[in-house]
> 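Got a structure here, written out as structure tokens. Questions coming.
In this text the structure is predicted, and so the values were computed from the model without any measurement. Computation of the quantities below employed the complete heavy-atom set of this structure, encompassing side-chain atoms and omitting hydrogens, waters and symmetry-equivalent molecules. For ligands, and for the atoms within them, numbers begin at 1 and follow the listed sequence.
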Amino acid sequence: MNNKNIRYLKGVGEKRAALFNKKGINTVEDMLYFFPRSHEDRSKTKLISECVNGETVCISGTVYAPVRENRIRRNMTIYSMIVTDSSGAITVMWYNNRFVRDVFEVGDRYTFYGKISFRGAKIEMTGPVYEKEGQGRFTEKIVPIYPLTGGLTQKIVQGTMEEAIKDAGRLDEYIPDKIREKYKIAEINYSIKNIHFPDDFESYNIARRRFVFEELMVLQLALLDRKEIFCKKDGIRLDGSCVKEFIKTLPFPLTGAQNRTIKEILQDCASGKQMNRLVQGDVGSGKTAVAAAAIYAVVKNGHQAAMMAPTEILAAQHMETLQGFFESMGITVVLLTGSLKAKEKRHALEMTATGAADVVVGTHAIIQEGVDFYDLAFVVADEQHRFGVEQRAKLSAKGVNPHMLIMSATPIPRTLALILYGDLDISIIDELPPGRKAVKTYAVGEDMRDRITKFIYKNVKLGTQVYIVCPLIEETEKSDLKNAEEISRKLAEQFTDITVGLLHGKMKPKIKDAIMTEFAEGKIDVLVSTTVIEVGVNVPNANVMIIENAERFGLSQLHQLRGRVGRGCDQAFCVLFAHGNSEITKKRMETMCISNDGFYISEQDLRLRGPGDFFGTRQHGLPEMHIANLFEDRDILKLAQEAAKEINAEGLDKYPLLKNRCGKVLMDDVVLN
Ligand code: ADP
Ligand code: MG
């Protein structure tokens, strides 16, 4: 396309170029893809006599007298002039803008776009955009409004955009014609013009649809391309028929979703290709049993498996669970974590290297240097969002293309999962084991504080454990956020016969683990903490979750937190202390109260936060969307996905221009999470 540096565009120069560069705009092509955030309809001019107080309009008229300068105090000078049209007169004025003194010729006609205000019998327009009548650059048409940074004004960007479009000339289309025809996608030259300078809003919508489609299709193609690289790797072929006998030994029948997921995993592993599968399931949906079934098959096929968790506590819990499953089957499980004593560690390493251990469960310690596997064929990474690309790669390198199973308890809408993890195959466990009661959830205000405190006490006395989660640890001056320290102190003072523990992010990992273990063992009744408990710790006896300043958390996060309770068979409760009465907060709390379905909640999260926030954290590793709104443009997303698959099936190499664009998307944005 057009790689010319924008510095050489008419009217830009080095200084402005630097400002554009700050926005990531370096070339003319970048400029063309810098889309407006909205448009202003300045296409129709009104007669002065028709103007309404408060409206923003275009008027055209003759300058009646030169600009008058009126210094009303230091730092405040008003410049004004009278403009007339066939219907009346208006005073056009600017504050402190001495440039306007030399702009207007008396008797000439200009068009002004600005806000009307009535002052007594006078009609005024303050600080308007102006140009000679009939020029049609900044007025008398639909004008794009761009997201700005310091130093750039709308006029500069609008003018530069005009130049860029002119300079670029005719652009090559890179969406294949047959795709455009099939999905009714507008051609690129038409689209570039109309996304910026549309003749009418219909043309704009047609143009926008093209770029949304393009953005999503290109992203999807880039991801598919990467997936291809994965799939081409050979993997160890495993026979999964033995898993039936394992399932029979489980103390519960599997849910339909668990069975389906196991089947999908086994199919992958039998294919002769390396598996890369993401299992998404709400907390408590039984992902561990699914992983265990797969691990069983691996071991029965004579290979080793590893399971990696983000914390020592979780690793220990997995260790216990897997040992429980495999105890009577002659399958050896070892634990490998950073806190093992030297002797234990040596032993674990030796078991791992000689193959005496069939299954190795651990933390990041597993991927450290010096850990060698005898025959690693299968790797499970739990709570996927804690692992980076590199760590996954390291883990993978411990074997010969071991199958990878990634488990996530962060449900996201399926359509989104498909883009986010376009490089992975996905299984969704969308069904909880039977008999699980939904966590009863209440959103309350400060007026309920005493009642909730009593409720906590009552539940502790009944033998239940309680979590209290606070967003911050230290009191910051300007905020009244309830902090963990204060809450735990108050509670301990008020009720001397219960044990209150405190857990926060600034503690050393060892201390955190120790406190968490005490809580898990029932030695602590109420655990006050910051969000460190977020990751899948299982304490079935904890049935009350109190969340302070719930308005500070995203919906998905609230759902994750709530998932810590309700893991046993008793009714669990969640209390959300929410402050402020913004509409969004209300809607979010309401969502939490009416639903326990992580997929529904994540969709609401996306809807209520908007895509910027959702991906702003980059926790999903997806490149920023420039134009697509992943919630509102879901329909286009589906089409773009279809199209991407079609092109991918033919081979992207057939379309070099498109391939080039796909390369750019992933160049600096690492997608693989
Ligand atoms: P998560 O998906 O959050 O990792 P777990 O694997 O920890 O969930 O399972 C949560 C609990 O549910 C465990 O105690 C587990 O034994 C139990 N469980 C798993 N599957 C079933 C099932 N099909 N029926 C009943 N209980 C189950
Ligand atoms: Mg889990």
> Regarding E264 and R277, does a basic nitrogen lie under 4.0 Å from an acidic carboxylate oxygen?
yes

> For ligand 1, which part of R436 has a heavy atom less than 4.0 Å away: the side chain, the backbone, both, or neither?
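The side chain, only.
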
> For atom 14 (O) of ligand 1, what is the nearest protein heavy atom, given as residue, atom name and distance?
N538 ND2, 4.3 Å

> Checking a contact table here: which protein heavy atom is nearest atom 9 (O) of ligand 1, and how many Å away?
G286 CA, 3.7 Å

> Using the benzene-type ring in the case of Trp, are the ring centres of F573 and F455 under 6.0 Å apart?
yes

> Provide the number and element of each atom of ligand 1 under 4.0 Å from a heavy atom of T255.
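Listed by number with element, the hits are 23 (N).
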
> For atom 10 (C) of ligand 1, what's the nearest protein heavy atom and its distance?
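Among all protein heavy atoms, the one nearest atom 10 (C) of ligand 1 is G284 CA, 3.9 Å.
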
> Which heavy atom of the protein is the closest neighbour of atom 4 (O) of ligand 1, given with residue, atom name and distance?
T288 OG1, 3.6 Å

> Does T464 offer a backbone N or O that forms a donor-acceptor pair with the side chain of N459 under 3.5 Å?
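Pair absent, no side-chain N/O of N459 close to backbone of T464.
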
> Which residue supplies the protein heavy atom nearest to atom 25 (C) of ligand 1, what is that atom called, and how far is it?
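Going atom by atom, the protein heavy atom closest to atom 25 (C) of ligand 1 ends up being P433 CB, 3.4 Å.
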
> Protein non-hydrogen atoms only, distance under 4.0 Å: does atom 22 (C) of ligand 1 have such a neighbour?
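Flag for atom 22 (C) of ligand 1 set to true, protein heavy atom closer than 4.0 Å.
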
> Taking only non-hydrogen atoms of D282, do any sit less than 4.0 angstrom from ligand 1?
yes

> Quick check on G563 - does any of its heavy atoms sit under 4.0 Å from an atom of ligand 1?
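For ligand 1, residue contact (heavy atoms, under 4.0 Å) with G563 is absent.
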
> Any side-chain to backbone donor/acceptor pair from Q304 onto Y374? Under 3.5 Å, distance only.
yes

